[in-house]
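See structure below.
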Amino acid sequence: MLKIIVVEDEPAVRKELSLLTPWEELGFLFCGEAGDGEEALVLAERVKPDAVITDIRMPYLDGIELIQKIRLTHPTTTLVILSGYDEFTYAQQAMRYDVSEYVLKPVSVEDLCNLLKRLGKHLDEEIKRIQDQDRLNQVYQQALPLIREKFLVSLLTAVHPASDTALLAKAAEYGFNLDKDEFMVAVIETDHVMDDPLQTMAMFEI
């Protein structure tokens with residue numbers, strides 16, 4: 001379930017949104033409501049929502065200031081602005097903070113359900129993308145020792161068509177600082193059994 005909060009300074013609108021929307025049917029867990037931006041910041045810090053629907057004109061802290069602060073602390077949160085003010089300057093400001101949607105009030109339950117379906121699809125795709133990146137990173141980290149070894153061997157045995165700058169950048173990517181004037185190289189011969197993977201792994205660890 002995707003966690004979501006609603007920020008709206010009009011109690012009647014806030015209550016209507018929270019009570020009439022079938023959150024769970026649409027894959028969302030409704031985690032609370034706030035009547036102003038400051039209250040919303042406290043709520044967001046506590047529940048760490050996946051999505052925030054917020055009004056623009058509110059006391060103490062308006063919607064633009066709220067999304068600006070949320071972006072600093074929770075950069076992956078999906079943000080939706082709900083406003084009765086059809087003003088282009090607000091939309092421009094909202095887009096600067098990567099707001100997903102700018103919706104004009106009044107909003108019917110049907111409109112909100114359609115909005116949540118779009119948000120759910122977007123968030124599911126984003127979660128899958130992050131999971132895929134994490135899996136690729138895990139595979140890369142597992143293969144990194146072998147990649148580093150092959151790279152070092154290639155420096156001694158192969159002619160590199162790349163420039164020195166490119167080689168230094170590649171070395172830095174693998175965790176080597178080769179930006180030096182000269183190096184000392186040690187060649188170590190061991191009597192471990194090459195066919196024994198545990199001995200080979202232990203040697204490399206040492």
Side-chain angles (χ1 to χ4, degrees), residues 1-139 141:
M1 299 288 281
L2 300 165
K3 294 184 290 185
I4 191 168
I5 64 173
V6 171
V7 189
E8 166 63 59
D9 67 330
E10 297 181 32
V13 176
R14 192 168 68 243
K15 191 63 65 178
E16 182 180 4
L17 291 176
S18 62
L19 293 180
L20 298 183
T21 306
W23 301 102
E24 294 188 7
E25 290 180 21
L26 298 167
F28 285 87
L29 178 64
F30 182 69
C31 294
E33 58 187 61
D36 60 66
E38 290 185 350
E39 186 182 340
L41 277 180
V42 175
L43 179 61
E45 191 59 36
R46 188 174 79 246
V47 304
K48 295 177 173 51
D50 298 294
V52 175
I53 299 177
T54 179
D55 192 10
I56 275 192
R57 293 288 180 89
M58 296 183 296
Y60 310 121
L61 197 69
D62 68 25
I64 298 297
E65 294 172 315
L66 172 63
I67 63 176
Q68 183 180 8
K69 290 180 180 297
I70 287 177
R71 269 286 165 263
L72 291 175
T73 54
H74 307 287
T76 61
T77 299
T78 296
L79 300 167
V80 175
I81 281 187
L82 196 63
S83 176
Y85 298 88
D86 187 9
E87 296 182 18
F88 182 64
T89 53
Y90 282 120
Q92 279 185 312
Q93 287 178 292
M95 293 308 110
R96 280 169 42 203
Y97 298 106
D98 193 26
V99 170
S100 295
E101 304 228 13
Y102 186 93
V103 184
L104 292 176
K105 292 191 292 188
V107 180
S108 67
V109 172
E110 182 181 358
D111 289 337
L112 188 58
C113 288
N114 290 332
L115 168 66
L116 292 174
K117 289 176 183 177
R118 293 195 300 273
L119 290 184
K121 182 179 179 182
H122 166 75
L123 285 166
D124 287 343
E125 290 173 351
E126 187 66 14
I127 290 171
K128 184 178 183 303
R129 183 184 65 81
I130 292 172
Q131 289 174 339
D132 288 343
Q133 284 182 334
D134 288 342
R135 280 193 291 267
L136 285 174
N137 186 56
Q138 288 174 2
V139 171
Q141 292 300 325

Check: For the atom pair CG (Leu82) and OG1 (Thr54), what is the distance rounded to the nearest 0.5 Å?
Finding: 8.5 Å

Next item on the list: Report the relative orientation of the aromatic rings in Phe30 and Trp23; use parallel for angles under 30°, tilted for 30 to 60°, perpendicular for over 60°.
Entry: parallel

Notebook entry, point to check: Taking atom CE of Met58 and atom CD of Glu8, what is their separation to the nearest 0.5 Å?
Noted result: 8.0 Å

Next item on the list: Any pair with a residue in residues 108-123 that passes side chain to side chain donor-acceptor pair (under 3.5 Å), sequence neighbours left out, goes on the list, sorted by first then second residue, please.
Entry: Glu101-Arg118, Ser108-Asp111

Next item on the list: State the CE-CD distance between Met1 and Glu24, to the nearest 0.5 angstrom.
Entry: 4.5 Å

Next item on the list: Output the distance between atom NE2 (His74) and atom CD1 (Ile67), rounded to the nearest 0.5 Å.
Entry: 14.5 Å

Notebook entry, point to check: Is Thr21 reaching over with its side chain to a backbone N or O of Ser18, donor-acceptor style, under 3.5 angstrom?
Noted result: no

Notebook entry, point to check: Out of Leu43, Asp50, Val6, Ile5, which residue meets the side chain to side chain contact (heavy atoms under 4.5 Å, CB included) rule with Cys31?
Noted result: Ile5

Notebook entry, point to check: So how far is it from Ile4 CD1 to Ile53 CD1, rounded to the nearest 0.5 Å?
Noted result: 4.0 Å

Notebook entry, point to check: Do you know the tightest heavy-atom contact between Pro59 and Gly35?
Noted result: CD-O, 4.4 Å

Check: Is any NZ, NE, NH1 or NH2 atom of the basic residue among Arg14 and Asp9 found under 4.0 Å from an Asp or Glu carboxylate oxygen of the other?
Finding: no

Next item on the list: Carefully, step by step, assess Val99 and Val80 under the rule side chain to side chain contact (heavy atoms under 4.5 Å, CB included).
Entry: CA-CA 6 Å; Val99 170; Val80 175; 5.6 Å; no

Margin query: To check you understand the geometry: which heavy-atom pair defines the closest contact between Ala40 and Val7, and what is its length?
Written below: CB-CG2, 3.5 Å

Notebook entry, point to check: Do the side chain of Lys3 and the main chain of Val47 share a donor and acceptor less than 3.5 angstrom apart?
Noted result: yes

Notebook entry, point to check: So, Glu45 side chain and Val42 main chain: donor-acceptor pair closer than 3.5 Å or not?
Noted result: no

Next item on the list: Hey, could you give me the CG/CG distance between Leu29 and Leu2, rounded to the nearest 0.5 Å?
Entry: 9.5 Å

Margin query: With a 4.0 Å cut-off on N to O distance, would you call Arg129 and Asp132 a salt bridge?
Written below: no

Item checked: Side-chain touch Asp55/Lys105, heavy atoms, less than 4.5 angstrom -> yes

Next item on the list: Check Phe28 against Leu116 and note the closest heavy-atom contact, atom names and distance.
Entry: CE1-O, 3.3 Å

Next item on the list: Examine distances only and state if a side-chain atom of Arg71 and a backbone atom of Asp98 form a donor-acceptor pair shorter than 3.5 Å.
Entry: yes

Item checked: Steps toward side chain to side chain contact (heavy atoms under 4.5 Å, CB included) verdict (Leu26, Leu119) -> CA-CA 10 Å; Leu26 298 167; Leu119 290 184; over 6 Å; no

Next item on the list: Please test Ile70 against Val52 for side chain to side chain contact (heavy atoms under 4.5 Å, CB included), starting from the C-alpha separation and ending with a verdict.
Entry: CA-CA 9 Å; Ile70 287 177; Val52 175; 4.2 Å; yes

Notebook entry, point to check: Does the side chain of Lys69 reach to within under 4.5 Å of the side chain of Leu41, using non-hydrogen atoms?
Noted result: yes

Check: So Glu126 and Thr76, side chain to side chain contact (heavy atoms under 4.5 Å, CB included) or not? Walk me through it.
Finding: CA-CA 9 Å; Glu126 187 66 14; Thr76 61; over 6 Å; no

Item checked: Check: Gln68 side chain, Ile64 main-chain N or O, donor-acceptor pair, under 3.5 Å -> no

Note to self: Just checking Gln141: does its CD atom have more than 12 heavy atoms from other residues, nucleotides or ligands closer to it than 6.0 angstrom?
What the structure shows: yes

Notebook entry, point to check: Taking all atoms of both residues into account, what is the closest heavy-atom pair of Ala44 and Pro49, and its distance?
Noted result: O-CD, 3.4 Å

Checklist line | Closest contact, heavy atoms only, Ser100 versus Thr78 | finding: OG-CG2, 3.2 Å

Note to self: Check this for me: Gln133, atom CD, are more than 12 non-hydrogen atoms of other residues, nucleotides or ligands nearer than 6.0 Å?
What the structure shows: yes

Check: Looking only at heavy atoms, what is the nearest atom pair of Leu112 and Val107, with distance?
Finding: N-CG1, 3.8 Å

Note to self: So Glu39 and Glu33, do their side chains get closer than 4.5 Å, heavy atoms only?
What the structure shows: no

